[in-house]
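A short write-up of the structure that comes next.
FYI, side chains are in, hydrogens and waters are out, and symmetry mates aren't considered; it's all heavy atoms of this structure.
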Amino acid sequence: MKAYVKPVVLAAEELSEGIYTASGEDITTDCWTVDAVSVQDWNGSHHVFEVRCRHSSSVEHISASTLVTLTFSSPVTDAYSEFICNYSGSTVTIERELHANAYKSGDNMTYKVWVKGADEATTKSISCTQKVISCTHKTNVQGKYD
């Protein structure tokens with residue numbers, strides 16, 4: 001595990017470049033990006049979304065699991081996925097345990113989530129307004145992660 005080092009910030013107003021500071025343990029949302037795309041607005045009961053995740057090719061570690069939190073435009077009355085799925089209000093969370101794979105090659109994963117609104121019209125028109133993904137990092141075989 002990396003030790004936290006407090007960043008030092010220097011202001012040089014005469015320069016036009018910006019510098020971003022970072023240190024310490026990896027933030028768990030910087031290795032994956034996520035999108036949720038509507039692939040079927042009505043399957044007879046639910047609106048189907050495909051969750052598309054891509055791992056950064058510049059970060060190397062083992063992703064033991066990911067947690068995707070989706071916020072929808074209307075309250076959800078039912079949601080399910082092939083992975084652990086919970087819902088409350090307009091928020092759905094999906095937890096996917098991974099097979100101890102070391103990611104560094106821009107790996108992709110996709111899966112579906114089915115959501116239902118209060119009625120057919122609400123279900124058909126529901127949209128995903130916010131997507132957040134977090135990752136559980138594990139030590140790789142060399143005893144480290146980026």
Side-chain angles (χ1 to χ4, degrees), residues 1-9 16-146:
M1 183 182 291
K2 295 180 181 180
Y4 177 77
V5 178
K6 184 176 179 178
V8 176
V9 178
S16 61
E17 283 189 42
I19 298 174
Y20 299 90
T21 61
S23 66
E25 192 170 343
D26 286 342
I27 299 171
T28 59
T29 57
D30 64 356
C31 57
W32 287 97
T33 57
V34 64
D35 198 10
V37 178
S38 171
V39 293
Q40 186 177 12
D41 68 357
W42 183 250
N43 72 348
S45 63
H46 289 72
H47 193 132
V48 185
F49 288 85
E50 184 173 80
V51 178
R52 299 174 181 171
C53 307
R54 181 172 177 83
H55 196 271
S56 171
S57 59
S58 63
V59 179
E60 181 178 4
H61 64 263
I62 295 170
S63 292
S65 67
T66 57
L67 182 67
V68 171
T69 303
L70 305 174
T71 304
F72 290 93
S73 57
S74 300
V76 174
T77 61
D78 186 37
Y80 65 92
S81 180
E82 61 211 83
F83 303 105
I84 298 168
C85 182
N86 295 294
Y87 63 93
S88 177
S90 58
T91 302
V92 175
T93 58
I94 306 109
E95 182 178 359
R96 180 177 187 211
E97 292 187 18
L98 305 172
H99 303 285
N101 294 321
Y103 289 89
K104 191 172 179 166
S105 61
D107 289 340
N108 296 303
M109 67 176 168
T110 60
Y111 53 89
K112 297 212 175 25
V113 60
W114 290 260
V115 297
K116 184 177 182 177
D119 54 31
E120 182 178 340
T122 305
T123 300
K124 286 181 175 181
S125 66
I126 199 166
S127 62
C128 186
T129 59
Q130 184 177 13
K131 304 149 287 251
V132 177
I133 188 168
S134 61
C135 171
T136 303
H137 294 188
K138 294 289 182 185
T139 306
N140 67 21
V141 293
Q142 289 80 26
K144 66 178 180 85
Y145 62 84
D146 284 347

**Request:** Sequence neighbours left out, what passes side-chain contact (heavy atoms from CB on, under 4.5 Å) with T77? Give chain and number order.
**Result:** K116
**Prompt:** Under the side-chain contact (heavy atoms from CB on, under 4.5 Å) test, which residues partner T129, sequence neighbours left out?
**Reply:** T71, S73, S127
**Prompt:** Does F83 reach the side chain of V68, with side-chain heavy atoms less than 4.5 Å apart?
**Reply:** no
**Item:** T122 OG1 to F72 CZ distance, which is reported to the nearest 0.5 Å
**Value:** 14.0 Å
**Asked** Relative to the ring of W114, is the ring of Y80 parallel (under 30°), tilted (30 to 60°) or perpendicular (over 60°)?
**Response** parallel
**Message:** Using side-chain heavy atoms (C-beta onward) and a distance below 4.5 Å, is F49 in contact with V92?
**Reply:** no
**Message:** Once rounded to the nearest 0.5 Å, what's the spacing between atom CZ of R54 and atom CG of N108?
**Reply:** 5.0 Å
**Single hit among T33, L67, V34 for side chain to side chain contact (heavy atoms under 4.5 Å, CB included) with I133** = V34
**Prompt:** What's the spacing between H47 NE2 and S38 OG if we round to 0.5 Å?
**Reply:** 2.5 Å
**Item:** Non-neighbouring partners of D35 that pass side-chain contact (heavy atoms from CB on, under 4.5 Å), sequence neighbours left out
**Value:** V37, K131
**Asked** How many angstroms lie between atom CH2 of W32 and atom CG of D107, to the nearest 0.5 angstrom?
**Response** 6.5 Å
**Message:** Main chain of H46, side chain of T123: is a donor-acceptor contact present, judged purely on distance under 3.5 Å?
**Reply:** no
**Asked** Quick one: CZ on R96 to CD on E82, what's the gap to the nearest 0.5 Å?
**Response** 7.5 Å
**Prompt:** Measuring from T66:OG1 to H55:NE2, what's the distance to the nearest 0.5 Å?
**Reply:** 10.0 Å
